[in-house]
Amino acid sequence: MRLVGAGRCRRPRWRAPLNQPGRWWWPLLALLLVGSVLAQEFRVTQVHTRLVDGTYTLDATLAFDFSAEALEALANGVPLTILVHLQVRRSNAWIWENSVTDQQVRYAIRHKPLSETYEVYRLPGTSGRTFVTREAAMTALGEIQDLQLVEQRRLTAGENYAVEIKVSLDIEELPLPLRPMAYLRPAWKLASGWTKWPLTP
């Protein structure tokens, strides 16, 4: 008696378990990586601190490379808000260690189509300096002067400290109809990442 199909046993095809990433994962990973690269469009180029009447103050220079979508919105009257997040920490602080101070300040730029001018101001204010060109307004937007950081009495003598700064486009300040798209599109995810600068008088 001969068994039908003897010697012709086929090996089962190997299939990746459902809980392991397959080929579909790699395009998604590549898209995420591209998005993270595109997000780095702002830079902190210079920081200087000094002691004034018992309080450390900060001057900083920021550089902005807005996406075409953000610039188009600006040209159509949509204000763009810049969020500057600052922390003063011990230079060798552990990641879970509290900051000496933590603050967020916001600056905005808007275009006025009727007068063909640009205005830069600090929130929560509604008015500031006026500029004829967008380039001049962008330069002014990146100039932070005399920003109070921390009182000297809050710092321990002989300890080294640093100012950590991150600059980003504040999507929450965009008009409500724009926010869903801004959260999804890399062109709106503009930020500098954290940079560290020594706190010196």
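When a residue number appears, it is its place in the shown sequence, counting from 1. If you're wondering where the values come from, they're calculated on a predicted model, not measured in any experiment.
Counting only distance, with no hydrogens or angles, the side chain of Thr45 and the backbone of Thr61 share a donor-acceptor pair below 3.5 Å. A donor-acceptor pair under 3.5 Å is absent between the side-chain atoms of Ser192 and the main chain of Val44, judged by distance alone. Arg106 contributes no side-chain N or O that, together with a main-chain N or O of Thr81, makes up a donor-acceptor pair within less than 3.5 Å.
Taking the side chain as every heavy atom from C-beta outward, Tyr56 and Gln152 approach each other to under 4.5 Å. Inter-residue side-chain proximity for Glu143 and Val120 is flagged as unmet; no heavy-atom pair is nearer than 4.5 Å. Using a 4.5 Å heavy-atom cutoff, the side chains of Leu147 and Val84 are not in contact.
Hydrophobic cluster of Leu123: the remaining members, joined at side-chain heavy-atom separations below 4.5 Å, are Tyr121, listed by chain and number. Here Ile95 is tied into one hydrophobic group with Trp94, Trp96, each link being a pair of ILVMFWY side chains closer than 4.5 Å.
Listed by first and then second residue, the ring-ring contact (aromatic ring centres under 6.0 Å, His included) pairs involving residues 151-194 are His85-Trp194 (not counting sequence neighbours). Judged as a ring-ring contact (aromatic ring centres under 6.0 Å, His included), the pairs with a partner in residues 98-117 (not counting sequence neighbours) are, in order, His111-Tyr118. Residue pairs satisfying the side chain to side chain donor-acceptor pair (under 3.5 Å) criterion with at least one member in residues 123-142, sequence neighbours excluded, are absent. Sorted by first and then second residue, the salt bridge (charged side-chain N to carboxylate O under 4.0 Å, His left out) pairs involving residues 71-89 (not counting sequence neighbours) are Arg89-Glu164.
With sequence neighbours excluded, the residues forming a side-chain contact (heavy atoms from CB on, under 4.5 Å) with Val78 are Ala73, Leu174, Pro175, Leu178, listed by chain and number. The salt bridge (Lys or Arg N to Asp or Glu O under 4.0 Å) test applied to Asp102 returns no partner, not counting sequence neighbours. Here Lys112 pairs with Glu119 under the side chain to side chain donor-acceptor pair (under 3.5 Å) rule; sequence neighbours left out. In terms of the side-chain contact (heavy atoms from CB on, under 4.5 Å) criterion, residue partners of Asn160 (sequence neighbours excluded) are, by chain and number, Ser91. Residues that satisfy the salt bridge (Lys or Arg N to Asp or Glu O under 4.0 Å) test with Glu69, not counting sequence neighbours, are Arg185. A search for side-chain contact (heavy atoms from CB on, under 4.5 Å) contacts involving Asp146 returns Arg50, Asp59, not counting sequence neighbours.
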For this session: Step by step, work out the side chain to side chain contact (heavy atoms under 4.5 Å, CB included) result for Phe64 and Val167.
Result: CA-CA 10 Å; Phe64 305 106; Val167 184; 3.9 Å; yes
For this session: Start with the C-alpha distance between Phe42 and Leu62, add both sets of side-chain angles, then the distance that settles side chain to side chain contact (heavy atoms under 4.5 Å, CB included), and finish with yes or no.
Result: CA-CA 7 Å; Phe42 294 169; Leu62 315 175; over 6 Å; no
For this session: Take Leu141 and Leu80 through the test side chain to side chain contact (heavy atoms under 4.5 Å, CB included) and record every step on the way to the result.
Result: CA-CA 11 Å; Leu141 183 65; Leu80 301 180; over 6 Å; no
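Paired with Val105 under the rule side chain to side chain contact (heavy atoms under 4.5 Å, CB included), one option of Leu86, Leu83, Ile82 passes, and it is Leu86.
When all heavy atoms are compared, the tightest approach of Leu190 to Ala70 is CD1-CB, 4.5 Å.
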